[in-house]
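The chains referred to below are lettered A, B, ... by the order of the sequence lines, with proteins before strands, and numbering in each begins at 1.
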Protein chains: 2
Amino acid sequence: MTAAPLPKARLRGLAQEAADLVREAIFAGHFPPGSPLREVELAAALGVSRGSVREGLALLEREGLVRSVWHRGTTVVDITAQDVEEVYAVRAALDRLAATSARRTASEGQLAELDDLVGAMSAEIAGEASGPRLLALDIAFHDRIYDAAGNRRLSDAWQAVRSQVHLFQLRRVALGYQHYRARVVDEHRELAALLRSGDPATLARRAEEHVHSACRSLLAGLGG
Amino acid sequence: MTAAPLPKARLRGLAQEAADLVREAIFAGHFPPGSPLREVELAAALGVSRGSVREGLALLEREGLVRSVWHRGTTVVDITAQDVEEVYAVRAALDRLAATSARRTASEGQLAELDDLVGAMSAEIAGEASGPRLLALDIAFHDRIYDAAGNRRLSDAWQAVRSQVHLFQLRRVALGYQHYRARVVDEHRELAALLRSGDPATLARRAEEHVHSACRSLLAGLGG
DNA sequence: CGATGTCCGGATGTCAACATTCGGACATGA
DNA sequence: TCATGTCCGAATGTTGACATCCGGACATCG
């Protein structure tokens, strides 16, 4: 029998905790792109030691959210057009593999979860739509695909770009998300259908196109 | 003008240094798969503090060479068939993207470097062939393709599987590498040619097949 | 005899202080 | 005025010691 996960199993350590707090602060816009993340400041603010903050920042660097250089500290990544193109090129390659893998390995329960998420997106749009909430559902959808692929290395590679994707899209959504709102449900519903019973070749192509269209939309929103 | 890299720019810190030493020790077989890497031991052996060793082990974990769990230490990864399949599936996706990207962005000088590496492989085979040296040339070849692609996120993702690929192939080569030796030059020569002037679609296909054939060869060598 | 509780060695997680390095401000000289 | 050299503050890199946690061995009890 699966024991329900206890309230807050403190099995993560202060570094993970610190990383989570800083990441949320970055997503909330509290640390604009390019702003420095000083270890002593964060240590004092979070009430932990500098060592733990340092380790947490290393985790965030692994996610691509911050960048640190020798003896010059760590700063929040900035968002240039090249950054967006790089991240989305890698994501397209990973999503393609995840989709084709999940096509073979996904269980019925996992496919049902995808349908549930599409339903949640639809409900979110029907009501008082919240950009960040809709975005969270979008990313959760792709998280499940990676889970279903059952490839730990692939999931790790996704983790290395996931936060950057989240950050980019958050900035885009803050400027208006009518286009995003109009397309997100249909595109994900199609992906879910292709995962259930689609030609692997067209699934691979559509998975890549899904990312590329998001990339173009992002570049248009940031550049114009 | 580009200043020649000084003898040993100590711009890397003890953590990087410790990570390099431990990585080489793993490649040399000094730490068999599954063996624990105790921080105090390594700190004493390398003459640095435990903090630096800890940070270095975190770098190695980012490369996928070791795996650490909360309050239970870090151990060298073991090589199961599933691990090989996972790593090579991700590598195939990344190599495909790297090849198609480099097809557009590679400079003439970078293409010439690839030809030089193919020549070096050929020379290595003609003489007293060394498995590890041949393998180093193989990986260097792919490193250059990733460099030529000009996508930092893509190179980072490659770094996350590169060491595992190196480790797997080293173990394979130790058991005999006649098949590898017979094919490596021709396959890489074809890739270099396709990068110079090939149809993008066939380049993408051949890049994937190159990885898949290496994966099959590896599985056959480890399983049988 | 099997299950349970307790204890202990060893290893990791965390912390605060010391050493090193960087970038810029200021002063100096051609 | 521009270039160069020196100095200083601040932030990071590094260290050793303390606190916490895990796993197994032993003893105890039903």
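Checking Gly47(A) against Val40(B), the closest nucleotide of DNA chain C that is more toward the 5' end is the one next to Val40(B).
Distance Leu14(B) CG to dA19(C) P: 16 Å, rounded to the nearest Å. Between His71(B) atom NE2 and dC21(D) atom P the separation is 6 Å, expressed in whole Å. When rounded to the nearest whole Å, the span between CZ of Arg67(B) and C1' of dT12(C) equals 17 Å. As rounded to whole Å, 18 Å separates atom P of dT12(C) from atom CD of Gln16(A). Regarding Arg12(A), its CZ atom lies at a distance of 18 Å from the C1' atom of dT20(D), rounded to whole Å. Distance Trp70(B) CH2 to dC22(D) P: 8 Å, rounded to the nearest Å.
Nearest to the side-chain atoms of Arg72(B) among the listed nucleotides dG23(D), dG13(C), dT20(C) stands dG23(D).
In this pair, Phe168(B) and Tyr88(B) present their aromatic rings parallel. The plane angle is below 30°, not in the 30 to 60° band.
For the salt bridge (Lys or Arg N to Asp or Glu O under 4.0 Å) condition, no pair includes a residue of residues 64-82 of chain A, sequence neighbours left out. Applying the salt bridge (Lys or Arg N to Asp or Glu O under 4.0 Å) rule to pairs touching residues 21-34 of chain B yields Asp20(B)-Arg23(B), Arg23(B)-Glu63(B), sequence neighbours excluded.
Comparing the axis of the opening five pairs of the helix from dC1(C)-dG30(D) to dA30(C)-dT1(D) with that of the closing five pairs yields an angle of 20°, rounded to 10°.
Within residues 30-39 of chain B, the residues that place at least one heavy atom under 4.0 Å from DNA chain C are, in residue-number order, Leu37(B), Arg38(B), Glu39(B). For DNA chain D, the neighbouring residues in residues 48-59 of chain A, judged by any heavy atom under 4.0 Å, are Arg50(A), Arg54(A).
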Scan the side chains in residues 92-101 of chain A for donor-acceptor partners under 3.5 Å anywhere in the protein, sequence neighbours excluded, and list what turns up.
residue: Asp95(A); atom: OD1; partner: Tyr146(A); partner atom: OH; Å: 2.5
residue: Asp95(A); atom: OD2; partner: Arg91(A); partner atom: NE; Å: 3.4
residue: Arg96(A); atom: NH1; partner: Glu208(A); partner atom: OE1; Å: 3.4
residue: Thr100(A); atom: OG1; partner: Arg96(A); partner atom: O; Å: 3.0
residue: Thr100(A); atom: OG1; partner: Leu97(A); partner atom: O; Å: 3.0
residue: Ser101(A); atom: OG; partner: Leu97(A); partner atom: O; Å: 2.9

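You'll find the side chain of Thr74(A) stays beyond 4.5 Å of the side chain of Glu61(A), heavy atoms only.
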